[in-house]
Protein chains: 4
Amino acid sequence: MRFFSDNAAAAHPAVLDAIAASNRIDTAYDGDEWSGKLDAAFSDLFETRVRALWVTTGTAANCLALAAMCPPHGGIICHKDAHIENDEAGAPGFYTQGAKLILVDGPGAKVTPEAATAAIARIRKDVHQVQPHALSITNATEYGLAFSADEVAALGELSRAHELGFHMDGARFANAIASTGASPADVTWRSGVRALSFGFVKNGGLNAEALVLFKTELADEILVRRKRAGHLLSKGRMLAAQILALLDKDLWLANARAANAAAQALAQAAPDRLVYPVEANEVFLRATADEAARLRSQGFDFYDWGTSEIRLVTSWDQNGDAVAKLAAAIGSL
Amino acid sequence: MRFFSDNAAAAHPAVLDAIAASNRIDTAYDGDEWSGKLDAAFSDLFETRVRALWVTTGTAANCLALAAMCPPHGGIICHKDAHIENDEAGAPGFYTQGAKLILVDGPGAKVTPEAATAAIARIRKDVHQVQPHALSITNATEYGLAFSADEVAALGELSRAHELGFHMDGARFANAIASTGASPADVTWRSGVRALSFGFVKNGGLNAEALVLFKTELADEILVRRKRAGHLLSKGRMLAAQILALLDKDLWLANARAANAAAQALAQAAPDRLVYPVEANEVFLRATADEAARLRSQGFDFYDWGTSEIRLVTSWDQNGDAVAKLAAAIGSL
Amino acid sequence: MRFFSDNAAAAHPAVLDAIAASNRIDTAYDGDEWSGKLDAAFSDLFETRVRALWVTTGTAANCLALAAMCPPHGGIICHKDAHIENDEAGAPGFYTQGAKLILVDGPGAKVTPEAATAAIARIRKDVHQVQPHALSITNATEYGLAFSADEVAALGELSRAHELGFHMDGARFANAIASTGASPADVTWRSGVRALSFGFVKNGGLNAEALVLFKTELADEILVRRKRAGHLLSKGRMLAAQILALLDKDLWLANARAANAAAQALAQAAPDRLVYPVEANEVFLRATADEAARLRSQGFDFYDWGTSEIRLVTSWDQNGDAVAKLAAAIGSL
Amino acid sequence: MRFFSDNAAAAHPAVLDAIAASNRIDTAYDGDEWSGKLDAAFSDLFETRVRALWVTTGTAANCLALAAMCPPHGGIICHKDAHIENDEAGAPGFYTQGAKLILVDGPGAKVTPEAATAAIARIRKDVHQVQPHALSITNATEYGLAFSADEVAALGELSRAHELGFHMDGARFANAIASTGASPADVTWRSGVRALSFGFVKNGGLNAEALVLFKTELADEILVRRKRAGHLLSKGRMLAAQILALLDKDLWLANARAANAAAQALAQAAPDRLVYPVEANEVFLRATADEAARLRSQGFDFYDWGTSEIRLVTSWDQNGDAVAKLAAAIGSL
């Protein structure tokens, strides 16, 4: 009974079916029928004209966007617990070719306008210090918190005032939307976001993520950068098909709701132990090493988070029985 | 009837089956059961201990290897018609962070020891000129020629003498082996090759290529670089499974033989028109614009190669009937 | 009697005087009195408003300009014998972070519109091939030929048509101007050049070169890049002072004329041996190894150029007696 | 009466004399007589065989060393107030091509073994997090504190244990040595330091710094990197001559003692206001905005340091009268 991470789950059957359906000869790279539908599909979803392209990882989506928004000599404001800072092996440094991550703190891995403003204010406006060129937030955050449209809009306002590119790492965008009920448009471009890494792999996809560009003029350069990074797959149709399958009839939203519901079930088992409110599909619980060991002895797998917390992540296909058992086990600690 | 490129073909059914079979929860990234079998599978095939890792594109495989072999300030000797020079959007410059491709000429896109030696001799041994650190060849070449083990060994000797890393771009390695009948070991590490990009996508794979390291001590650094380039997929098991399926019972070799046989059928239809001997699955024919138009009017699709040649590429699943028709059409020109 | 290179000559006494005169406390970096005069001094010389900044090497000047004109994924058209290709240790790759030099051939190291047009035509307009973003020429060329304003204008027209940044490496710009008598304005911005590396070190300077930007909006970014490359010196006033001293009363032009005159004296000694017309301060002569040895035995030092040519370079302070002796020795071969 | 920074001071007359003395034709770059003496001169000073090379800025010295010690995908542990983090415009990111600065805190900008150990312990040993490859400290620190040999040795021990390259930014190395009286050998290679940026520009030099390599096998690669970064000057002899002049009869030490003594005079005027002990040539004083204004009104120039401190830096040639007046003014606040 694994609660390590949603990125290890199976792909949804509809995704495998879509791959099989696209498994016939077509134009290579992204000149095929399926890839050609992505712009329209995401434009519909976001209620505005966007450009959208497939990549195979969130790291690639994040870094392609950031590299297009920030020159090698610039800086990117992000949270100190952001995935791009902690879990991408320095990929932003590679893709931007040396840009600096300007770290801010804030509860639950949320960048706040106050923290970002203070970080900017600390930077002398001269050639000796790296100047900020972009802002990146994660939604849902690394601690499972979802941004409201208003929260994003406040950061959007700040990014406009300081002429910062504004990127959202949406590895769990689906879980955030499922949680807040906000419209995808409100929480992104209507609030100033210019590029979104829209995650599918953690939500039923096999190996396709989408990079959605609200600032559509970034697309042509990013297509070049994607190729140059070795991320232009020959049979891109089988990535596009995955994404289209998950967008179809809002399967992405149904999957996210299922994962979120499982997390809620766990959260309700131990409201006093919650480190953060559970707004998406991640549950951080206070637990001693002994308590963690007791859970593991009952067959539950998960990560420790430091020495006094554990992290439980639920997936779109999390077994209901396992969730119920884990909830009970947590309640009994 | 498409003869554009083998990279647009369908994946082999056994590959889709393998993906489906691995579509259950397992450890993320490459900690899973399937990824864990790659080293052994390729060690068997190559009769020596190797390290092997999956990536999704040949560009990634090539450039990860080259970046590990050549510092940013070094040079990589390759043919002026090499894929890394012409068709990867400068990816070697991105991955190596500025290394220089030192171009040589030679018939059929083959690097010869003479050409490489001359290129090295032209470089002054000082800090003003970029010094060579690696050598990269393509087998089968971009014009469909296969290297013999002796030819590779001569270059291996040269690479040892000049302390060059020696890389083989094997996007069509299977077709080369199917053509020459050489043992995979003889044409690679026994002849001095230290890293091989072993292509599967053009030969029945969906989106998995293998980077095989005979110089096994490169592996740990390349694993870091792979992650940093955004090429460490969460569900790597579904890449590993593809490769294992193609290695199983030498399906990779059967597929390559089928593609090569189709190319031979075309070649025999017009021996006088051949620009190069047909040794793999690519056929370059002299044809006027008018002749090319006549073929297209009969339903055959392919690329022009300059103004007086055409390129025909056959795939593992090339329709036999279409091949026969094209052969006849060529014969009737 | 050394004819190796003008870059090894002494600095002009006026340059040392200027350094001494600026050797008092002032604002660090480029906030000082002398640095503050560069824009105006070069604007006067070029008859238009320019931005100008000091660096210590031509390589830095060239590469800062190119990096501001060409993204990491772009290409720079230049001659295959250009300094940036052959003698800067791959610095363009470092500064641009991986851009590609797209090489063309042409007599005397001159890029011609025909050669550049052909190079551009060979590049498919897709994401697989590196697209040209800049054009760089050297004036005087690496073989001592000076561009006429018309020749530059033809390339300027081409650069406009293809939206290429247009850079001139003027390591020997002074010698070119002294040779053709063209106005500095005509041969640069009036002909489409957007950035000029204006060399002083080979022409009486100690360690100051100027980067002159006709496209003034590049300046702010280049100031950042200069700092980031470690080229913002604390006591920049002593670089600016050197340049101002050489601009004063056209000392740069007088120095270049002296060097050119010495080259002419050598050229006239053996008109039949000239490989190229002598238009600046470099003389390439056909000479056998035996002939070269005979010159050396008489005390003359110079570089061989391949196996059947020698290169003689004259400096602003080349000893007249030595020039006369060498001319005589060449005449007597 | 300027107390902004020692980097704005005049060069010592002996330095100008040395430049003049080397102002005659010699081999270009670093093949000249003066450059050829650097290895021996520094080997004498450090009582061991070293390789030493000139560059024009401390940023270049620091970053060349770090790039040779840390791969693009690695991390460099340094203090959050280090010059390489705050005042080099991201140059480490440029030179290393994307390596990460792993920041630690500590009093007076000193890296402590405890802080470094804790930083290392926080990093998971996997491919998702950037692994440390180097450690860089500044001596004297950015707050004017000098490391003892024992303090350095403790960090040297740590760097050995974790296989980290160990670099010392010695922009004010002379002031540190003048302060502690430690032998240059004890505080560097005998304590594990492998590369030292030895500053001269802040201490009487014009535009020459030295990079001293105790790990001599780094030199060849760094020579290539220096050229590639545009830092190989044609007339390098006039940089080497500066350094040799300052090494001669320990002029560097005399200069540093003079600067330190001036700082002591200021410190003694207001011991209660000192933010840090004054161990080199920088004095940080608590002062209100009003107090700072009163000092400025008396003709003293200096930087504010935040809102309640001021920074005073003294130079080798600081006018004694001005120092006495400033000391008196501070005492009278």
Side-chain angles (χ1 to χ4, degrees), chain A residues 2 4-13 15-16 19-20 22-29 31-32 55-64 87-91 93-95 97-98 201-202 205-207 224-239 315 317-319, chain B residues 2 4-13 15-16 19-20 22-29 31-32 55-64 87-91 93-95 97-98 201-202 205-207 224-239 315 317-319:
Chain A
R2 298 167 74 102
F4 282 123
S5 177
D6 40 4
N7 75 354
H12 192 281
V15 163
L16 290 202
I19 289 174
S22 66
N23 188 33
R24 53 175 169 77
I25 197 168
D26 199 329
T27 304
Y29 306 114
D32 63 275
V55 288
T56 56
T57 65
T59 294
N62 289 340
C63 293
L64 287 170
D87 292 289
E88 300 191 350
F94 179 55
Y95 274 81
Q97 304 180 287
V201 169
K202 290 179 163 74
L206 196 164
N207 55 17
V224 173
R225 289 182 178 272
R226 179 177 67 172
K227 167 65 191 177
R228 179 171 163 87
H231 279 286
L232 180 62
L233 276 65
S234 295
K235 305 181 184 179
R237 60 192 178 277
M238 298 194 237
L239 299 183
S315 301
D317 64 345
Q318 202 77 40
N319 180 282
Chain B
R2 297 167 74 102
F4 282 123
S5 177
D6 41 3
N7 76 353
H12 191 282
V15 163
L16 290 202
I19 289 173
S22 67
N23 188 34
R24 52 175 171 78
I25 197 167
D26 198 329
T27 304
Y29 306 114
D32 62 277
V55 288
T56 56
T57 65
T59 295
N62 290 340
C63 293
L64 286 169
D87 292 288
E88 300 191 352
F94 178 55
Y95 273 81
Q97 305 181 287
V201 169
K202 289 180 163 73
L206 196 164
N207 53 18
V224 173
R225 288 181 179 272
R226 180 178 66 173
K227 168 65 192 177
R228 177 172 164 87
H231 280 287
L232 181 61
L233 276 67
S234 296
K235 305 181 184 177
R237 59 193 179 278
M238 296 195 238
L239 299 183
S315 301
D317 64 346
Q318 201 78 41
N319 180 281

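In what follows, chains carry the letters A, B, and so on, assigned in the order in which the sequence lines appear, proteins first and then strands, with residues in each chain numbered from 1.
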> Taking B:Lys227, B:His231, B:Glu88, B:Arg24 one by one, which has the highest count of heavy-atom pairs under 4.5 Å against chain A?
Replying inline: B:His231

> About how many Å separate CG of A:Asn23 and CD1 of B:Ile19, when rounded to the nearest 0.5 Å?
Replying inline: 8.5 Å

> Does B:Ala229 offer a backbone N or O that forms a donor-acceptor pair with the side chain of A:Tyr95 under 3.5 Å?
Replying inline: yes

> What part of A:Ser5 lies closer than 4.5 angstrom to a heavy atom of chain B: side chain, backbone, both or neither?
Replying inline: neither

> Is it the backbone or the side chain of A:Asp87 that comes under 4.5 Å from a heavy atom of chain B, or both, or neither?
Replying inline: backbone

> Is there a donor in the side chain of A:Arg2 and an acceptor in the side chain of B:Thr27, or the other way round, less than 3.5 Å apart?
Replying inline: yes

>> Can you tell me which portion of A:Leu16 sits under 4.5 Å from chain B's heavy atoms? Options are side chain, backbone, both or neither.
In response: side chain

>> Need one label for A:Phe4: side chain, backbone, both or neither, based on atoms under 4.5 Å from any heavy atom in chain B.
In response: neither

> Side chain, backbone, both or neither: which part of A:Leu239 has an atom under 4.5 Å from a heavy atom of chain B?
Replying inline: side chain

> Taking only residues two or more places apart in sequence or in another chain, which ones pass salt bridge (charged side-chain N to carboxylate O under 4.0 Å, His left out) with B:Arg226?
Replying inline: B:Asp30

>> My understanding is that only residues two or more places apart in sequence, or in another chain, count here; which of them pass salt bridge (charged side-chain N to carboxylate O under 4.0 Å, His left out) with A:Arg225?
In response: A:Glu221

> Quick one: of B:Val224, B:Thr59, B:Asp26, who has the most non-hydrogen atom pairs under 4.5 Å with chain A?
Replying inline: B:Asp26

>> Strictly distance-based, threshold 3.5 Å: is any side-chain N or O of B:Lys235 a donor or acceptor partner for the main-chain N or O of A:Asn7?
In response: no

